[in-house]
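Take a look at the structure set out below.
In each ligand, atom 1 is the first atom listed, and ligand 1 is the first ligand listed.
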Amino acid sequence: MNACLCCPPAGLRRRSVLAAALACLSAGPALAAAPAAGPRMAPDQALATLMQGNARYLGAAPQPVAHSAGARAARAAGQAPFAAILGCADSRAAPEVLFNAGLGELFVVRNAGNVADTGAVGSLEYAVANLGVPLIMVLGHERCGAAEAAVAVSRSSVSLPPQLGDMLQPMLPSALAAIRAGGDVVEGTVRANVARSAARLTEVSPVLSAAVAAGRLRIVGARYDLDDEAVTLMS
Ligand SMILES: [Zn+2]
């Protein structure tokens with residue numbers, strides 16, 4: 001069996017393991033998935049392409065995703081997604097389906113509540129720095145269960161298991177703000193959480209903030225409506 005280039009041999013000291021891990025992330029196309037050849041989309045073009053995909057999905061006959069032998073071979077050689085999605089793990093909110101996208105087109109990071117936690121930010125840094133992704137969409141959705149849970153926790157009306165409770169911590173400020181604002185507090189939490197997650201990406205990541213400043217990356221927030229299945233950009 002061949003050794004994995006990303007996995008140092010057993011017995012390496014802790015420092016060597018860390019160095020190997022960093023080398024794996026920073027080595028670029030030689031070790032990481034190589035971006036396909038050809039020009040990259042501009043951020044605005046990537047956003048337009050993404051939204052056109054949702055329009056196709058909403059149409060009567062969405063275009064089938066290509067699964068030809070040639071397309072499969074190209075994907076096996078390297079990935080070049082044109083957008084990254086930070087979305088909720090909700091089973092009804094799969095980005096590849098909502099945007100009528102094929103394998104290799106979207107770099108998708110999902111967790112309950114589309115929270116910009118360490119794993120999500122690190123994954124998106126990889127997408128931007130190593131794959132040249134020009135667009136990140138933070139995608140919340142209607143009647144999000146994570147938002148409902150964050151509201152319940154904020155009202156002290158529920159006790160969650162430790163790991164689930166910790167995971168929802170970043171959503172609590174959004175839930176508290178929505179409760180103060182009144183109205184549909186779950187919807188308010190969803191919208192505030194999208195904005196908060198999108199803002200956090202550049203607040204905590206020099207990689208992402210530098211890419212935005214250089215015009216190589218655009219970050220947008222959006223909401224998926226479960227009833228009409230449309231994705232709408234948020235200001
Ligand atoms: Zn959700």
Side-chain angles (χ1 to χ4, degrees), residues 47 50-51 53-55 57-58 62 81 83-101 105-124 127 133 135-205 208 219-235:
L47 179 58
L50 196 61
M51 298 307 286
N54 183 238
Y57 172 67
L58 294 175
I85 310 291
L86 171 55
C88 183
D90 191 295
S91 61
R92 302 163 293 181
E96 290 90 344
V97 176
L98 301 180
F99 294 109
N100 193 224
E105 291 191 298
L106 300 179
F107 187 96
V108 177
V109 181
R110 297 175 72 180
N111 57 40
N114 41 275
V115 173
D117 58 14
T118 301
V121 175
S123 298
L124 294 170
V133 168
L135 175 73
I136 295 175
M137 174 180 282
V138 179
L139 181 62
H141 69 95
E142 187 180 25
R143 297 193 288 275
C144 178
E148 292 173 352
V151 169
V153 169
S154 298
R155 287 173 165 163
S156 302
S157 61
V158 67
S159 179
L160 299 176
Q163 296 298 327
L164 180 54
D166 288 349
M167 188 188 69
L168 291 177
Q169 283 289 327
M171 295 187 74
L172 298 187
S174 299
L176 291 169
I179 291 170
R180 285 194 298 271
D184 187 336
V185 294
V186 173
E187 177 66 17
T189 300
V190 167
R191 291 176 176 273
N193 182 58
V194 166
R196 188 178 179 84
S197 292
R200 180 172 165 76
L201 295 179
T202 50
E203 289 171 0
V204 303
S205 171
L208 300 182
I219 299 174
V220 299
R223 172 188 179 275
Y224 168 56
D225 190 299
L226 292 174
D227 296 315
D228 64 18
E229 300 187 290
V231 173
T232 305
L233 292 177
M234 292 170 52
S235 58

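- Each protein N/O/S atom under 2.8 Å from the Zn ion (ligand 1) was counted, for a total of 3.
- For Ala89, there are no side-chain contact (heavy atoms from CB on, under 4.5 Å) partners, not counting sequence neighbours.
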Carefully, step by step, assess Cys88 and Tyr224 under the rule side chain to side chain contact (heavy atoms under 4.5 Å, CB included). CA-CA 10 Å; Cys88 183; Tyr224 168 56; over 6 Å; no

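- With 3.5 Å as the limit, one finds a donor-acceptor pair spanning the side chains of Tyr57 and Glu229.
- Every pair passing salt bridge (charged side-chain N to carboxylate O under 4.0 Å, His left out) that includes a residue from residues 188-201 is listed here, sequence neighbours excluded: Glu187-Arg191.
- The side chain to side chain donor-acceptor pair (under 3.5 Å) check on Arg143 picks up Asp227, with sequence neighbours excluded.
- The only member of Ile219, Leu50, Leu106 that meets side-chain contact (heavy atoms from CB on, under 4.5 Å) when paired with Leu135 is Leu50.
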